[in-house]
Amino acid sequence: MTKKILIAYYSWSNNTKQVAKKLAQALDAELLELTVKNNVFSTDMYETSEIAKTQIKTGDFPALVTEIPDTSQYEAILVGSPVWSGAPATPIHSFLAQIVNFKGKVATFYTDAGSVGAYGEIFKTWAAPLNVVAIYQKKKDILTWAKEVIEK
């Protein structure tokens with residue numbers, strides 16, 4: 001029996017979307033794009049970063065438009081996000097808050113334009129009490145990493 005995998009991702013500029021699609025195809029996984037209302041973030045990267053910092057500071061995370069499936073059908077969820085000022089994109093927090101009862105493995109991968117900062121630590125904090133088994137590190141090919149996560 002093959003393992004049922006979900007790849008949930010938020011993509012602001014389509015970079016994370018491309019990686020998520022590649023992984024989903026290679027792993028025969030289901031793909032879930034996390035979306036928010038159109039006016040939540042700016043088309044300007046720096047403005048979006050400031051909006052996200054405010055959301056984190058105030059705890060006012062954006063609501064997802066995406067309907068979240070019953071996660072109990074999955075053995076693992078790989079969560080993809082851009083890195084915003086050293087943290088996951090804030091819609092990731094909104095997603096993780098909706099799957100707190102998930103009993104399988106959770107791992108995260110990211111796309112970034114520079115420093116990943118405290119991405120991993122923040123993801124783990126947002127994901128608690130989920131079983132976060134891996135955080136992607138660029139030292140390894142992402143597909144190799146994902147296959148290792150699934151096989152753990």
Side-chain angles (χ1 to χ4, degrees), residues 1-41 45 48-49 51-52 55-56 59-113 116-152:
M1 182 176 138
T2 59
K3 295 181 179 182
K4 195 162 182 187
I5 310 301
L6 176 66
I7 297 177
Y9 69 92
Y10 177 79
S11 190
W12 178 79
S13 67
N14 283 328
N15 289 341
T16 308
K17 182 177 192 168
Q18 297 310 315
V19 174
K21 286 171 104 177
K22 174 184 164 186
L23 287 174
Q25 185 175 19
L27 301 171
D28 192 28
E30 291 183 31
L31 202 55
L32 179 67
E33 182 174 15
L34 305 172
T35 56
V36 297
K37 290 181 181 173
N38 287 337
N39 62 349
V40 172
F41 298 111
M45 168 173 85
T48 293
S49 176
I51 292 166
Q55 290 171 342
I56 292 168
D60 187 19
F61 294 94
L64 296 177
V65 174
T66 308
E67 187 173 326
I68 307 303
D70 174 10
T71 56
S72 67
Q73 64 184 307
Y74 302 103
E75 292 182 48
I77 299 175
L78 303 183
V79 182
S81 174
V83 177
W84 287 354
S85 301
T90 53
I92 298 302
H93 182 281
S94 303
F95 171 69
L96 294 169
Q98 290 187 46
I99 65 164
V100 291
N101 294 322
F102 178 64
K103 301 297 182 213
K105 297 185 285 190
V106 175
T108 185
F109 63 93
Y110 55 82
T111 56
D112 68 300
V116 298
Y119 178 97
E121 292 80 21
I122 294 169
F123 183 89
K124 283 183 179 179
T125 299
W126 288 359
L130 298 169
N131 180 23
V132 178
V133 297
I135 297 166
Y136 173 66
Q137 302 296 319
K138 284 192 167 183
K139 301 171 197 139
K140 189 174 280 193
D141 171 73
I142 193 160
L143 185 54
T144 302
W145 169 83
K147 286 178 180 176
E148 288 173 1
V149 168
I150 292 166
E151 295 307 316
K152 277 186 181 176

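- Pairs of residues two or more places apart, or lying in two chains, that qualify as salt bridge (charged side-chain N to carboxylate O under 4.0 Å, His left out) and include a residue from residues 143-152 are K140-E148.
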side-chain contact (heavy atoms from CB on, under 4.5 Å) evaluation trace for F109 with T16: CA-CA 9 Å; F109 63 93; T16 308; 4.2 Å; yes
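- Around the CD atom of Q98, the shell of radius 6.0 Å holds more than 12 heavy atoms that belong to other residues, nucleotides or ligands.
- In this structure, V65 and K37 have side chains that are in contact, with non-hydrogen atoms separated by less than 4.5 Å.
- Between W12 and W84, the ring planes lie perpendicular to each other; the angle is over 60°, past the 30° to 60° tilted range.
- Side-chain contact check for S94 and Y10: no donor-acceptor pair (N or O, by modelled atom type) lies under 3.5 Å.
- Between the CD atom of E30 and the CD1 atom of I77 there is a distance of 10.5 Å, given to the nearest 0.5 Å.
- Nearest heavy atom pair, residue Y74 against residue I5, reads CD2-C, 3.7 Å.
- For the pair L64/V36, a side-chain contact is recorded, criterion being any heavy-atom separation below 4.5 Å from C-beta on.
- Separation of atoms CD1 (I7) and CG (L27) is listed at 5.0 Å; rounding is to 0.5 Å.
- A search for side chain to side chain donor-acceptor pair (under 3.5 Å) contacts involving D141 returns T144, not counting sequence neighbours.
- Taking CG from L23 and CG from D28, the interatomic distance works out to 13.0 Å, rounded to the nearest 0.5 Å.
- Using a 4.5 Å cut-off on side-chain heavy atoms (C-beta onward), P69 and L32 make contact.
- From I135, atom CD1 reaches atom CD of E121 across 6.5 Å, with rounding to the nearest 0.5 Å.
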Residues T108, L78; criterion side-chain contact (heavy atoms from CB on, under 4.5 Å); working and verdict: CA-CA 5 Å; T108 185; L78 303 183; over 6 Å; no
Verdict with supporting geometry, Q18 and K22, side-chain contact (heavy atoms from CB on, under 4.5 Å): CA-CA 6 Å; Q18 297 310 315; K22 174 184 164 186; over 6 Å; no
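- A134 and V149 get closest at one heavy-atom pair: CB-CG2, 3.5 Å.
- The salt bridge (charged side-chain N to carboxylate O under 4.0 Å, His left out) pairs that include a residue from residues 90-112 are D112-K138, where partners are two or more places apart or lie in different chains.
- In this structure, CG in L96 is found 13.5 Å from NZ in K124, a value given to the nearest 0.5 Å.
- In terms of modelled atom types and a separation under 3.5 Å, the side chain of S49 and the main chain of M45 share no donor-acceptor contact.
- Two residues are said to be in side-chain contact when any heavy atoms from C-beta on lie closer than 4.5 Å; T66 and F95 fail this criterion.
- Counting heavy atoms from C-beta outward, Q137 and V116 have side chains that stay 4.5 Å or more apart.
- Shortest non-hydrogen contact noted between L143 and A26 is CD1-CB, 3.5 Å.
- The distance from atom NZ of K17 to atom CG of L31, rounded to the nearest 0.5 Å, is 8.5 Å.
- Screening W145, F123, Y9, Y119 for a ring pair (Phe, Tyr, Trp, His ring centres under 6.0 Å) with Y110, the sole residue that qualifies is Y119.
- Contact record, V133 with A107: CG2-CB, 4.4 Å, taken as the closest heavy-atom pair.
- Nearest approach of Y136 to I142, heavy atoms of both residues: CE1-CA, 3.6 Å.
- Closest of all the heavy-atom pairs between A87 and I56 is CB-CD1, 4.2 Å.
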